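When a residue number appears, it is its place in the shown sequence, counting from 1. What you are looking at is a predicted structure, and each value in this text was computed from that prediction instead of being measured.
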Amino acid sequence: MNIEVGVFVAALIGCLVGGLIIGFIVTRWFLKRQLQKNPPINENMIRAMFMQMGRKPSEAQIKAVMNSMKRNQ
């Protein structure tokens with residue numbers, strides 16, 4: 001059984017590109033799911049950050065920062 005070199009190379013490149021695309025999509029989906037389950041920052045962390053800067057944050061400021069972070073994900 002002989003396969004032409006051109007067909008073999010085309011199939012090899014097609015499989016490589018397909019694998020890269022599928023791997024990218026699966027990795028992106030998994031990362032988004034993990035970030036939704038375990039957000040990188042929460043309200044207590046924002047509150048602590050404001051306190052370290054010497055400010056007493058209001059709830060409106062904390063909510064504004066959280067909403068800003070959610071919009072930019």
When clusters are formed by joining ILVMFWY residues with side-chain heavy atoms under 4.5 Å apart, either directly or through shared neighbours, do I46 and M53 land in the same one?
yes

Can you tell me how far CG of L31 sits from OG1 of T27, rounded to the nearest 0.5 angstrom?
8.5 Å

To the nearest 0.5 Å, what is the distance between CG on N72 and CG on N67?
11.0 Å

Out of the candidates E59, Q52, Q61, only one should pair with R47 under the side-chain hydrogen bond (donor to acceptor under 3.5 Å, both in side chains) rule; please name it.
E59

For I41 versus M69, what's the shortest heavy-atom pair and its separation?
CG2-CE, 2.6 Å

Sequence neighbours left out, what passes side-chain contact (heavy atoms from CB on, under 4.5 Å) with V17? Give chain and number order.
I13, I21

According to a hydrophobic-cluster definition based on side-chain heavy atoms being under 4.5 Å apart (Ile, Leu, Val, Met, Phe, Trp, Tyr only), do M51 and M49 belong together?
no

Going by the rule side-chain contact (heavy atoms from CB on, under 4.5 Å), which residues pair with K37 if we only count those two or more places apart in sequence or in a different chain?
R33, Q34

